[in-house]
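Read the structure below first, then the notes.
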Amino acid sequence: MARRPFIAGNWKMNMTAESGTKLIKELIPLVKDADCDVALCVPAILIPAMTEVAKGSNIAIGAENMHWEPKGAYTGEISADMLKEYGVKYVIIGHSERRQYFGETDETVNKRTKAVLAAGMTPITCIGETLEEREGGVTEKVLDRQLEIGLAGIEDITKVVIAYEPVWAIGTGRTATDEQAQETIAYIRKKIGQLFCPKCAEKVIIQYGGSMNAANCKGLMAQPDIDGGLIGSASLKADFAKIVNYNKYFED
Ligand code: PGA
């Protein structure tokens with residue numbers, strides 16, 4: 001069964017209700033004929049307004065994080081019910097910026113991923129090595145650890161979207177080459193096959209993320225194991241539509 005490509009934006013701590021509304025209104029007609037699933041993961045406070053703007057379109061609104069507990073004394077956190085109330089379908093979990101700046105660990109990534117699944121939403125669980133780790137030749141070891149702990153105990157792995165985001169490529173303008181991204185993502189798929197089952201691994205959507213843009217998306221998307229992208233800075237402008245239409249804009 002062919003995997004349906006999935007292009008998701010990650011606004012991070014950018015945009016306001018005003019600028020976000022303007023952008024989504026601009027994007028709606030541009031992405032309406034996409035041959036892939038499309039989502040924009042936005043800051044939690046923007047979810048109600050952006051959901052309203054995107055209503056009736058093929059743009060799903062996602063969140064950038066979620067707590068694993070259903071409720072309680074967790075100042076600043078967002079629960080599954082709060083997201084579900086607005087019809088949120090996707091939640092980014094374990095982004096490298098959460099890991100780097102906010103103490104996210106493989107263990108908390110695991111708890112959050114499982115909580116998103118239990119709530120009937122789709123986690124976009126992020127993994128990826130730092131530059132130091134790649135240069136030190138331990139990329140596979142790092143990915144093994146992130147997958148083994150981060151995905152431990154998940155019943156149906158096909159319900160998880162994995163985003164492979166080499167930390168050295170995020171926001172740096174330094175994209176992994178098509179071959180590097182393909183090779184690493186094929187490795188991740190093989191590892192998922194070992195941890196779960198090879199047949200399930202064939203169904204798992206694995207995105208590439210890290211300076212993906214309108215110019216490099218076609219080559220990345222042409223790789224057999226790359227099923228989509230998690231797009232940061234290029235999702236803050238209408239150019240995002242070109243990535244979504246990666247198979248149309250550049251036709252010969
Ligand atoms: P970038 O971010 O596209 O700006 O590199 C990607 C991400 O962090 O998800």
Side-chain angles (χ1 to χ4, degrees), residues 5-15 19-20 23 27 31 36-44 46-47 50 59-66 88-104 109 112-113 116 122-134 139 142-143 146 150 160-178 180-182 184-185 188 205-221 223 226-246 249:
F6 176 32
I7 304 285
N10 173 13
W11 281 1
K12 308 189 179 183
M13 198 176 73
N14 294 295
M15 309 301 272
S19 58
L23 177 59
L27 286 171
V31 305
C36 58
D37 289 332
V38 185
L40 284 172
C41 298
V42 308
L46 301 186
I47 289 172
M50 297 309 105
I59 303 175
I61 298 300
E64 299 179 9
N65 196 13
M66 191 194 95
V88 165
K89 212 172 144 194
Y90 300 101
V91 189
I92 297 174
I93 296 295
H95 190 279
S96 69
E97 286 145 20
R98 301 291 324 164
R99 294 176 188 256
Q100 228 177 323
Y101 308 133
F102 302 100
E104 194 83 60
V109 168
R112 292 185 204 269
T113 300
V116 173
T122 301
I124 303 176
T125 300
C126 304
I127 57 171
E129 80 288 359
T130 62
L131 184 60
E132 203 182 6
E133 289 162 344
R134 178 155 286 258
T139 297
V142 170
L143 297 173
Q146 292 175 335
V160 178
V161 171
I162 308 279
Y164 166 60
E165 300 204 301
V167 179
W168 47 271
I170 296 177
T172 57
R174 184 178 164 188
T175 327
T177 63
D178 298 346
Q180 269 174 331
Q182 163 58 26
T184 314
I185 289 181
I188 292 167
I205 300 292
I206 310 181
Q207 299 174 319
Y208 167 79
S211 300
M212 191 163 165
N213 58 37
N216 60 30
C217 63
K218 194 187 177 190
L220 288 161
M221 290 301 291
Q223 304 304 313
I226 302 182
D227 305 320
L230 185 55
I231 323 294
S233 50
S235 72
L236 302 174
K237 40 190 189 198
D239 246 25
F240 179 64
K242 293 189 183 163
I243 307 176
V244 168
N245 293 308
Y246 65 91
Y249 269 82

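In each ligand, atom 1 is the first atom listed, and ligand 1 is the first ligand listed. Atom set for the values below is all heavy atoms of this structure, side chains included, hydrogens, waters and symmetry mates excluded.
In terms of polar-atom proximity, G209 is not counted as a contact of ligand 1, lacking any N or O under 3.5 Å from an N or O of the ligand. By the 3.5 Å distance cut-off applied to N or O atoms, G171 is counted among the residues near ligand 1. Considering backbone and side-chain atoms alike, T172 places every N or O at 3.5 Å or more from each N or O of ligand 1.
Looking at K12, H95, E165 and measuring to atom 2 (O) of ligand 1, the nearest heavy atom belongs to K12.
Looking at R112 and I92, their side chains never come closer than 4.5 Å, going by heavy atoms from C-beta outward.
At least one heavy atom of S211 sits under 4.0 Å from some atom of ligand 1.
Once rounded to the nearest 0.5 Å, the distance linking CE of M221 with CE of M212 reads 5.5 Å.
Shortest contact from atom 4 (O) of ligand 1 to any protein heavy atom: S233 N, 2.9 Å. Of the protein's non-hydrogen atoms, G232 N, 2.9 Å is the one closest to atom 3 (O) of ligand 1.
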Please walk me through it: do Q182 and Y208 pass side chain to side chain contact (heavy atoms under 4.5 Å, CB included)?
-> CA-CA 9 Å; Q182 163 58 26; Y208 167 79; over 6 Å; no
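Contact annotation for A163 and ligand 1: no heavy atom of the residue comes within less than 4.0 Å of the ligand. Contacts between I170 and ligand 1 below 4.0 angstrom, taking non-hydrogen atoms only, involve backbone and side chain alike.
The backbone N or O of G232 sits less than 3.5 Å from a side-chain atom of S235, completing a donor-acceptor pair. Checking side-chain atoms of Q207 against main-chain N and O of V161 turns up no donor-acceptor pair under 3.5 Å.
Scored by the side chain to side chain contact (heavy atoms under 4.5 Å, CB included) test, Q180 finds R134, W168, A176, T177 as partners (sequence neighbours excluded).
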